[in-house]
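A, B, ... follow the sequence lines: proteins, then strands. Residue 1 opens every chain.
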Amino acid sequence: MIDSWSPWQIYTDWQPDLNSFKETLDGGQAFCWNSIDEYSYQGVVLNFPLRLRWLENKQVEWSCIPGQNEGAEKLLSTYLGTNKDYRAYYDTLPWRSDSHLKRCIEAYPDLRILGQPDGETLLGFLCSATKQIVQIKEMIQLVRSRFGRPLEDQMNQLPTWADLTTIEESALRACKFGFRAANIHKAAIKIAEEDIDLSALSSQPYEEAKDALCQFPGVGEKVADCTLLFGYHKLEAFPVDTWILKVMNRHYGLDDWSPKQVAHFGRIHFGSYAGLAQQFLFAWERSFGSK
DNA sequence: GGATCACCTTC
DNA sequence: AAGGTGATC
């Protein structure tokens, strides 16, 4: 369709290198971005269709649907993290004494932790158990196109948790959700019946919010930590998945440590911004750590 | 408590 | 085997 996207606008608060740009949007924090070409992505966040592109001078530009400019700009400032002092975050990480972490940061110097809508983040990571990123994206895309509110140009909003109460488990299974369908259906019912306000968790401390999330079926420590890190911007969350177990084994000598033990080590070793460190380690291992 | 296994489906 | 969780022993 002609003219369905606004003119490109400069996003002034982030000037990433190309690797950091791609890894931030499409490195497993979010499952809604599809590449248009080597330098740009299109996706839908809440009810905002968005495009982001990277230019040679490290400038990032964005575009939305005409009429949504104001809302889109506000959303992006949360999503990409305006006024966050990443320099200060890096400074607290132990890269001075941790040469592997230093190497990971140098590979993705402008990597950011996204600030996604909480409900979308929870749904995404409820889909993530023993799935690869491409598969999670496919599941999310299917449920979006079949059950999400239609937006411009064949794009759809992700179903809300209220929407999900009306979607049968079998319909979710038909979206390739597998055994995750039951968890998601039950979580939706629980949210509705107990009148749970997911956004209220953001004002709670990390441990309390984590306990609350772990009450949902299908949410254990790893899914809770991912939701807290990418959906509530709680940077002390340190998700431990198979990649992080591998990292800790190979680069930190933690042989045969349990996920719980590794999570404890991570919080002690990396500190208040352990989740940011985790994302560097994760990104590096996936791209450069050989099998 | 810690270890083991089923759970859907696909690459 | 793939970005886990929950039930069972």
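The heavy-atom pair separating A:A224 from A:L213 by the smallest distance is O-CD1, 3.9 Å.
Aromatic pair A:F270/A:F238: centroids less than 6.0 angstrom apart. The ring of A:F280 has its center no closer than 6.0 angstrom to the ring center of A:Y273. The six-membered or imidazole ring of A:H264 lies away from that of A:W257, with a centre-to-centre distance of 6.0 Å or more. Ring to ring, A:Y11 and A:W62 are not that close: their centroids are 6.0 angstrom or more apart. Aromatic ring centres of A:F125 and A:F31: separated by under 6.0 Å.
Atom-to-atom, CD of A:Q135 to C1' of C:dG4 comes out at 14 Å; the value is rounded to the nearest Å. One atom, CG of A:L142, and another, C1' of B:dT9, lie 13 Å apart when rounded to the nearest Å. When rounded to the nearest whole Å, the span between CD of A:Q279 and C1' of C:dG3 equals 11 Å. As a whole-Å value, the separation of A:K131 NZ from C:dT5 P is 16 Å. The CE-C1' distance, from A:M139 to B:dC11, rounds to 15 Å in whole Å. Atom C1' of nucleotide C:dG3 and atom CD of A:E23 are separated by 13 Å, given to the nearest angstrom. Rounded to an integer number of Å, the gap from A:I184 CD1 to B:dC8 P is 13 Å. Distance A:L122 CG to C:dT5 P: 12 Å, rounded to the nearest Å.
Between A:E169 and A:K186, no side-chain nitrogen of the basic residue sits less than 4.0 Å from a carboxylate oxygen of the acidic one, so the salt-bridge criterion is not met. A salt bridge links A:E221 to A:K260: one of the charged nitrogens lies within less than 4.0 Å of a carboxylate oxygen. A salt bridge is defined here as a Lys NZ or Arg NE, NH1 or NH2 lying under 4.0 Å from an Asp or Glu carboxylate O, and A:D91 with A:R96 meets this definition.
Going from the P atom of B:dT4 to that of C:dA1 covers 16 Å, rounded to whole Å. Comparing the P positions of C:dT5 and B:dT10 gives an interatomic distance of 22 Å, to the nearest angstrom.
Within 4.0 Å (heavy atoms only), A:I133 reaches at least one base atom of the nucleic acid. Residue contacts shown for A:T130 include a base, since a base heavy atom lies under 4.0 Å away. If you check every strand for non-hydrogen atoms under 4.0 Å, A:G124 touches nothing. Among the heavy atoms of the strands lying under 4.0 Å from A:Q278 is at least one base atom, whether or not backbone atoms are also near.
Side-chain N/O atoms of A:R173 and base N/O atoms of B:dC8 include no donor-acceptor pair closer than 3.5 Å.
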Atom pairs under 3.5 Å: protein N/O with N/O of nucleotides 6-9 of chain C:
residue, atom, partner, partner atom, Å
C:dG6, OP1, A:G218, N, 2.9

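Stacking annotation: A:F179 is not stacked on the base of B:dC8 (requires ring centroids less than 5.5 angstrom apart and an interplanar angle below 30 degrees). For C:dG3, the base is stacked against the aromatic ring of A:F282, per a cut-off of 5.5 Å between centres and 30° between planes.
Although no hydrogens or angles enter the test, the distance criterion places no donor-acceptor pair under 3.5 Å between the side chain of A:W14 and the main chain of A:L80.
With the 3.5 Å cutoff on both pairing distances, Watson-Crick and G-U pairs in DNA chain C assemble into runs of at least 3 at B:2-7 with C:4-9.
With C:dT5, B:dT10, C:dG3 as the candidates, the nucleotide lying closest to the side chain of A:V223 is C:dT5.
For C:dG3, neither phosphate oxygen OP1 nor OP2 lies less than 4.0 angstrom from any side-chain nitrogen or oxygen of A:R286.
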